[in-house]
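Each residue takes its place number in the sequence, starting with 1.
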Amino acid sequence: MLRRGFLERMAAVPLAAGCGALWAAPASAPRLLVVFLRGAYDAASVLVPVGSDDYYAARPRIAIARPGSGPDAALALPDQSDWGLTPAWADSLLPLYERGQLAAIPFAGTHDLSRSHFETQDHIELGQSDDPAAVRDFRSGFLNRLAEVLGARDAIALTSDLPLILRGAVKVPNLALGSVGRGGVDARQTALIRQMYAGTQLAGPVNDGFDVRQAAQRELTGGMEAASRNAITTRGFEGEARRIARLMRERYRLGFVDVGGWDTHVAQGAGTGALATRVGELGNGLAALAQELGEAAWRDTVVVVLSEFGRTFRENGNRGTDHGHGSTYWVLGGAVRGGRVVGEQVAVRQATLFQNRDWPVLNEYRGVFAGLFQQMYGLSAAQLGRVFEGVTPLGLGLV
């Protein structure tokens, strides 16, 4: 059940009975921000199944060590023996979890089995039937339908292009967040180095090295960048999160932002490394968002973090992971009943894997969101049906 203050504030939020004139929600309306991690992040490296011997056997080089076994080990969670938290969130989101403002939903996702970034992202953003024979209607995303039901004009996409999730009958603006520079040697620097060694004995090896590097980048990262669909990266996300917080504190009540760079087929690392760095930057950004909103606005805010699917239970030959199925969603906010790992669960073992390779999906994403919307906004069954047709809300008690 919702906390009394949150319920009282939401009681003043009128819901549109039809598709007539739309008006802005009052200042007391709850805020919702959806953060989409494009590229399919490795959930088992964030909510770590520390109670599973099979996890450590399946990931001999990239598993995050059990709590208490070293500086880069998983963080122990109160009242949890099966799960630990990435050490990258020690100073950012662990405090929110301990304050009861962060909850994890493992084994979450869609029943779509394409394992295609683009197809699954579209599937989730549309929020339509899981039936593979059903015809998709690309005119309407589920957050736009929510905005229509709420009768609000206060939705915004913080993306370079209007995402599918916010397309529909309600006119939603999009604001591209600042681009973030990439590290490494760029094309100009490469040309200067080639020129510097031209005519020397090292010219051949230097040119060969750059050629191999460029070919590898095209082959290994081209798909990863495409999977991100021009989303911002985690580098600099903390500053962008503060901008988002200011926008949502002063004007908007429904927001969407996507963050790319999660397609970790190669050298993802364990407690430290490439993935841990991105996860840490994400955590710092989400903590900054809470801080910048301020205590009063944070009490009315719910943030949902999700990805299109999870990754394989076993590591691959490149010390990374491949496209999987079930994932972990995160729900945080001042009104969230957190400090818990919620939803239907099974023991993380070889025997419980989906198709002998992935986490199963036990908490279907539309049911998760429908239950959340029902609690946040007091939506009726008919109103929920306009957002997610034929879906039964999951009563996870998140707010």
Side-chain angles (χ1 to χ4, degrees), residues 1-36 124-128 137-159 162-175 244-257 293 296-304 331 333-336 365-395 398-399:
M1 294 179 62
L2 291 166
R3 296 175 183 176
R4 181 183 299 273
F6 201 51
L7 269 172
E8 290 171 349
R9 286 191 290 273
M10 291 194 305
V13 181
L15 299 174
C19 301
L22 302 177
W23 25 261
S28 60
R31 296 170 180 83
L32 172 67
L33 176 67
V34 175
V35 181
F36 202 119
I124 289 177
E125 291 185 60
L126 289 171
Q128 297 170 13
D137 182 355
F138 283 85
R139 297 172 297 177
S140 172
F142 80 79
L143 281 187
N144 193 286
R145 297 195 297 273
L146 174 66
E148 186 178 9
V149 166
L150 296 177
R153 286 179 179 159
D154 56 355
I156 188 169
L158 298 149
T159 53
L162 185 65
L164 192 56
I165 197 170
L166 275 169
R167 295 180 190 174
V170 178
K171 302 302 181 185
V172 177
N174 66 287
L175 174 65
I244 294 169
R246 290 192 291 271
L247 286 167
M248 297 198 70
R249 184 182 64 215
E250 303 299 334
R251 172 66 178 88
Y252 297 99
R253 292 295 187 275
L254 180 61
F256 175 87
V257 63
L293 276 167
W298 181 240
R299 282 198 301 268
D300 290 333
T301 298
V302 174
V303 180
V304 181
V331 181
V336 170
Y365 79 102
R366 292 175 303 163
V368 171
F369 274 104
L372 190 61
F373 295 165
Q374 187 177 61
Q375 292 183 303
M376 286 182 65
Y377 303 109
L379 299 186
S380 67
Q383 289 165 331
L384 278 176
R386 288 169 56 191
V387 182
F388 297 114
E389 184 178 1
V391 172
T392 301
L394 293 179
L398 287 167
V399 292

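Across all their heavy atoms, Ser380 and Gln383 have their closest contact at N-OE1, 2.8 Å. Scanning all heavy atoms of the two residues, the minimum distance from Val172 to Asn144 falls at CG2-ND2, 3.8 Å. Shortest non-hydrogen contact noted between Leu384 and Ala370 is CD2-O, 3.5 Å.
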ask   = Does the side-chain contact (heavy atoms from CB on, under 4.5 Å) test come out yes or no for Met248 and Leu33, once each step is laid out?
value = CA-CA 9 Å; Met248 297 198 70; Leu33 176 67; 3.9 Å; yes
key: Full working for side-chain contact (heavy atoms from CB on, under 4.5 Å) between Ile156 and Leu166   = CA-CA 8 Å; Ile156 188 169; Leu166 275 169; over 6 Å; no
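The shortest distance between side-chain heavy atoms of Leu150 and Leu379 falls below 4.5 Å. Using a 4.5 Å cut-off on side-chain heavy atoms (C-beta onward), Val399 and Leu372 make contact. Taking the side chain as every heavy atom from C-beta outward, Leu126 and Asp137 never approach each other to under 4.5 Å.
Residue Tyr252 forms a side chain to side chain contact (heavy atoms under 4.5 Å, CB included) with just one option from Leu175, Ile244, Leu247, and that option is Leu247.
Looking only at distances, no side-chain donor or acceptor of Arg145 sits under 3.5 Å from a matching main-chain atom of Phe388. Between the side chain of Asp300 and the main chain of Arg31, no donor-acceptor pair closer than 3.5 Å is present. Within the 3.5 Å criterion, the main-chain N or O of Ala157 finds no donor-acceptor partner in the side chain of Asn174. Using modelled atom types, one side-chain atom of Arg366 and one backbone atom of Gln128 make a donor-acceptor pair closer than 3.5 Å.
Listed by chain and number, the residues in a side-chain contact (heavy atoms from CB on, under 4.5 Å) with Arg249 are Arg246, Glu292, Leu293, Ala297 (sequence neighbours excluded). For the ring pair (Phe, Tyr, Trp, His ring centres under 6.0 Å) test, residues two or more places apart in sequence or in another chain that qualify with Phe369 are Phe142, Phe373.
Note that CG of Leu146 and CD1 of Ile165 are 10.0 Å apart. Values are rounded to the nearest 0.5 Å. The CZ atom of Phe36 lies 10.0 Å from the CG atom of Leu164; values are rounded to the nearest 0.5 Å.
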